[in-house]
Amino acid sequence: MVNVPQISDTEWQVMKVIWAKNSPVTANQVIEALEGSCNWKPKTIKTLLGRLVKKKALSFNKESREYVYYSLISEKECVRAENKSFLSKVYGGAFNIMFASFLEEEKLTLEEISELKKILEDKSSEKTD
């Protein structure tokens, strides 16, 4: 399993841009992508990119006068690590308690309920195989 660094909420926004591009991106491309959703100055975004490099979530190549960034960890790996951290921190690792808590709080459509039933049935059949 890959060692996934802890990523702050603001760093997640930068990583999402890089994952969405699915290829190396320049700092300017990240800045442009975040322009509409954040009020961050370009220097702030460059600082976040630098932090993510230090955390080994990103790396870069210098191409002429530009730095081109690419992800060292996948979005799926980060989501998995965040899920485990949240489950451990908030629910003491008890998935069933977390799941029940979410279900009690959320209004679900019949389609969503059917989807959840199918997932549970598939999990159940995995155990008997």
Side-chain angles (χ1 to χ4, degrees):
M1 187 168 146
V2 176
N3 187 18
V4 179
Q6 285 201 318
I7 298 173
S8 72
D9 291 346
T10 52
E11 292 165 345
W12 265 93
Q13 291 181 58
V14 172
M15 290 300 293
K16 283 184 177 188
V17 169
I18 292 168
W19 289 322
K21 298 280 185 189
N22 205 19
S23 62
V25 294
T26 65
N28 286 336
Q29 289 173 313
V30 176
I31 291 165
E32 287 171 16
L34 291 171
E35 261 179 345
S37 62
C38 302
N39 291 327
W40 299 336
K41 296 192 181 319
K43 187 174 181 178
T44 302
I45 295 170
K46 289 178 181 177
T47 298
L48 292 169
L49 288 166
R51 281 188 203 163
L52 289 163
V53 168
K54 274 187 180 175
K55 290 181 176 186
K56 296 186 179 3
L58 295 178
S59 191
F60 66 91
N61 293 317
K62 188 169 184 188
E63 295 180 6
S64 65
R65 295 178 48 188
E66 283 192 307
Y67 287 88
V68 180
Y69 295 89
Y70 57 93
S71 178
L72 294 175
I73 51 177
S74 72
E75 185 173 13
K76 187 176 184 176
E77 290 167 330
C78 283
V79 168
R80 186 177 299 129
E82 285 292 319
N83 286 344
K84 285 184 178 196
S85 173
F86 174 78
L87 182 62
S88 176
K89 185 178 0 177
V90 178
Y91 293 96
F95 177 78
N96 58 332
I97 294 170
M98 182 203 70
F99 190 61
S101 175
F102 274 86
L103 289 175
E104 288 170 5
E105 297 296 321
E106 292 296 316
K107 292 185 192 266
L108 299 173
T109 65
L110 289 175
E111 185 179 323
E112 290 169 328
I113 292 169
S114 291
E115 206 173 304
L116 288 171
K117 282 181 181 178
K118 181 169 179 0
I119 291 168
L120 290 171
E121 287 168 1
D122 290 349
K123 279 290 184 190
S124 179
S125 66
E126 281 178 17
K127 300 289 183 195
T128 58
D129 289 346

Over 12 non-hydrogen atoms of neighbours within 6.0 angstrom of [atom1] in [X]:
| X | atom1 | value |
| --- | --- | --- |
| Glu63 | CD | yes |
| Ile119 | CD1 | yes |
| Glu82 | CD | yes |

Applying side-chain contact (heavy atoms from CB on, under 4.5 Å), can you list everything that pairs with Glu11, at least two apart in sequence or on another chain? Ile7, Ser8, Leu48, Arg51, Leu52, Lys55

I'd like to know if [Y] and [X] are part of one continuous hydrophobic network [Ile/Leu/Val/Met/Phe/Trp/Tyr, side-chain heavy atoms within less than 4.5 Å].
| X | Y | value |
| --- | --- | --- |
| Leu49 | Val53 | yes |
| Leu116 | Leu87 | yes |
| Val90 | Val79 | no |
| Val17 | Ile45 | yes |

Describe, in one word, how the ring planes of Phe60 and Tyr69 are oriented to each other, choosing from parallel (under 30°), tilted (30 to 60°) and perpendicular (over 60°). tilted

Look at the aromatic rings of Phe102 and Tyr91 and report parallel, tilted or perpendicular, splitting at 30° and 60°. tilted

Determine the minimum heavy-atom distance between Ser71 and Met15, stating which atoms define it. OG-CE, 3.7 Å

Tell me which donor-acceptor pairs under 3.5 Å the side chains of residues 30-41 have, and how far apart each pair is, sequence neighbours excluded?
unit_1 : atom_1 : unit_2 : atom_2 : d
Ser37  : OG     : Leu34  : O      : 3.4

